[in-house]
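Data first, discussion second: the structure below is written as structure tokens.
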Amino acid sequence: GSKFDRIEVLGAGMIALTSRKGTLSFYDLSKPPVTTEISKLSIADASGMGRKGDLLYVLSHQGTMSVVDITSLKSPKLLGKVNGLSAPWDMRVVGDRAYVADSILGLVVLDVSKPLEPKLLKSIATLGGAQDLWIEGEVAYVAVGGEGIEVFSLEDPDTPKSLSSVAWDSAVVSVSASGSLVWGVNHESIVAMDASDPTNPVPLATMKTPKWALHVFAKGNVAYVADWTHAQVYYLNRSIKAPSSEISPGTLYFTSGAKEATLNVANRGIAPLQFSGLSVSDP
């Protein structure tokens with residue numbers, strides 16, 4: 001009956017969950033289907049998390065990041081809090097740096113070389129409100145709402161550099177990558193793109209989601225999507241180079257006396273759009 005917003009896998013069947021209702025909870029899932037709550041802490045408006053050893057950094061939409069000792073999940077301890085964020089959603093910890101997607105500040109870089117004393121280093125403005133991010137090697141992919149997915153170079157880990165962006169349909173809320181294959185969801189659909197060249201990512205395919213897609217996780221050619229009340233799994237077949245479409249006569253509506261109707265087609269690729277086998281049986 002509980003509603004959770006973010007999950008962090010801790011290993012050995014243990015997970016951490018946050019809720020905007022103000023809780024950080026720890027669960028034992030090591031003996032499915034049994035789910036056991038181990039403990040919980042109060043953190044107002046809790047959102048994304050990032051782990052560094054026995055410490056868990058927990059964001060709050062109120063603009064803070066809490067430092068939690070998880071040496072013992074039965075008795076986690078709140079060690080401190082960092083201010084200076086604005087509206088953080090999610091984060092990734094890479095070595096001595098933590099990267100935060102903040103819908104107002106953009107892409108925020110923190111120094112966690114002294115794990116108990118995180119320090120804000122820099123905020124890089126994003127094209128739109130940053131809501132999620134994924135880091136693959138020296139590249140960061142940030143879900144920036146209506147501006148789509150923005151790609152950053154982390155060659156200089158302290159100063160991310162914007163390389164490119166891809167927008168489509170409505171606001172992108174989550175992004176994940178596996179190698180150079182990047183996936184994003186925008187509530188209504190899922191998109192896959194090839195970022196072999198981060199300066200020029202190429203959309204490969206898009207598909208409507210049945211429910212209301214909230215989050216995506218990529219592994220190889222497969223994407224797992226939290227689709228409101230369902231978990232959806234999508235697979236990208238790279239051997240298919242072009243989409244197929246079957247349009248029924250009911251797709252086009254002719255009002256009384258009208259002799260023409262318009263069908264809009266969007267080309268999401270980089271090659272010229274070609275039609276093959278287009279026909280109609282209804283005179």
Side-chain angles (χ1 to χ4, degrees), residues 6-9 47-52 56-59 61 65 82 84-113 115 118-168 171-186 190-204 214-220 223-225:
R6 290 289 191 270
I7 181 172
E8 183 76 12
V9 178
S47 55
M49 295 167 281
R51 183 183 182 182
K52 184 175 174 66
L56 187 66
Y57 299 114
V58 185
L59 300 172
H61 288 291
M65 184 176 79
V82 179
L85 297 169
S86 189
W89 283 82
D90 215 345
M91 68 183 298
R92 293 286 181 271
V93 179
V94 180
D96 288 336
R97 295 294 178 265
Y99 299 92
V100 175
D102 189 302
S103 63
I104 294 178
L105 297 179
L107 179 57
V108 182
V109 185
L110 296 97
D111 181 351
V112 292
S113 57
K119 180 181 178 182
L120 269 73
L121 294 180
K122 191 167 294 185
S123 298
I124 309 296
T126 48
L127 294 174
Q131 300 177 52
D132 191 28
L133 78 163
W134 187 270
I135 294 175
E136 193 78 6
E138 292 186 344
V139 180
Y141 302 97
V142 185
V144 288
E147 297 296 332
I149 298 171
E150 189 169 3
V151 185
F152 288 84
S153 168
L154 299 181
E155 186 176 357
D156 179 351
D158 293 346
T159 308
K161 178 183 177 183
S162 181
L163 298 176
S164 59
S165 66
V166 175
W168 96 99
V172 180
V173 295
S174 180
V175 63
S176 183
S178 183
S180 61
L181 182 58
V182 182
W183 300 80
V185 293
N186 68 346
I190 181 171
V191 67
M193 67 182 194
D194 182 352
S196 299
D197 178 2
T199 65
N200 184 34
V202 179
L204 299 173
L214 295 169
H215 200 78
V216 61
F217 174 79
K219 188 172 180 62
Y224 302 89
V225 177

Practice problem: Can you measure from CG (Leu154) to CD (Glu136) and round to the nearest 0.5 angstrom? | Solution: 11.5 Å

Practice problem: Kindly state each residue pair satisfying salt bridge (Lys or Arg N to Asp or Glu O under 4.0 Å) with at least one member in residues 96-112, sequence neighbours excluded. | Solution: Lys52-Asp96, Arg97-Asp111, Arg97-Asp158

Quiz item: With His215, which of Val225, Asp132, Ile7, Val185 fulfils side-chain contact (heavy atoms from CB on, under 4.5 Å)?
Solution: Asp132

Quiz item: Which pair of non-hydrogen atoms, one from Gly95 and one from Val112, has the smallest distance, and what is that distance?
Solution: O-CG2, 3.9 Å

Exercise. Give the minimum heavy-atom separation between Ala130 and Gly106, together with the two atoms involved.
Key: CB-O, 3.8 Å

Quiz item: Given side chains that start at C-beta, do those of Val173 and Leu214 come closer than 4.5 Å, heavy atoms only?
Solution: no

Quiz item: Under 4.5 Å between any side-chain heavy atoms of Ser47 and Asp90, yes or no?
Solution: no

Quiz item: So, does Glu150 use its side chain to make a donor-acceptor pair with the main chain of Leu127 at under 3.5 Å?
Solution: yes

Practice problem: Give, for atom CG of Leu133 and atom CD1 of Ile149, the distance between the pair rounded to the nearest 0.5 Å. | Solution: 12.0 Å

Quiz item: Excluding sequence neighbours, so at least two apart, what forms side chain to side chain contact (heavy atoms under 4.5 Å, CB included) with Val191?
Solution: Trp168, Thr206

Quiz item: Listed by chain and number, what are the ring pair (Phe, Tyr, Trp, His ring centres under 6.0 Å) partners of Trp134, not counting sequence neighbours?
Solution: Phe217

Quiz item: Is any side-chain heavy atom of Met65 less than 4.5 Å from a side-chain heavy atom of Pro88?
Solution: no

Exercise. Tell me, with the steps shown, if Leu181 and Leu204 meet side-chain contact (heavy atoms from CB on, under 4.5 Å).
Key: CA-CA 9 Å; Leu181 182 58; Leu204 299 173; 3.8 Å; yes

Practice problem: Would you check, one step at a time, whether the test side-chain contact (heavy atoms from CB on, under 4.5 Å) holds for Leu120 with Leu85? | Solution: CA-CA 9 Å; Leu120 269 73; Leu85 297 169; 4.3 Å; yes

Quiz item: How would you list, by chain and number, every residue that makes a salt bridge (charged side-chain N to carboxylate O under 4.0 Å, His left out) with Lys161, sequence neighbours excluded?
Solution: none

Quiz item: Between Pro201 and Pro198, what is the shortest heavy-atom contact and its length?
Solution: CD-O, 3.5 Å

Quiz item: Is there a side-chain contact between Pro203 and Val166, using heavy atoms and a 4.5 Å cut-off?
Solution: yes

Quiz prompt | Heavy-atom pair of closest approach, residues Pro118 and Tyr57 | solution = CG-CE2, 3.7 Å

Self-check item: ring pair (Phe, Tyr, Trp, His ring centres under 6.0 Å) involving His61 - partner list, sequence neighbours excluded
Solution: Trp89

Quiz item: Partners of Ser178 by side chain to side chain contact (heavy atoms under 4.5 Å, CB included), sequence neighbours excluded?
Solution: Ala218

Quiz prompt | Val182 versus Ala177, closest heavy-atom pair with distance | solution = CG2-CB, 4.0 Å

Quiz item: Between Val216 and Ile190, what is the shortest heavy-atom contact and its length?
Solution: CG2-CD1, 4.4 Å

Quiz item: Between CD of Gln131 and OG of Ser174, what distance do you get to the nearest 0.5 Å?
Solution: 9.5 Å

Quiz prompt | Nearest-0.5 Å distance, OG of residue Ser176 to CD1 of residue Ile135 | solution = 12.0 Å

Self-check item: Short side-chain to backbone donor-acceptor contact, Tyr99 and Pro157, under 3.5 Å
Solution: yes

Exercise. Starting at CG of Asn200, measure out to CG of Leu163 and round the result to the nearest 0.5 Å.
Key: 11.0 Å

Quiz item: What's the spacing between Ser164 OG and Phe152 CZ if we round to 0.5 Å?
Solution: 9.5 Å

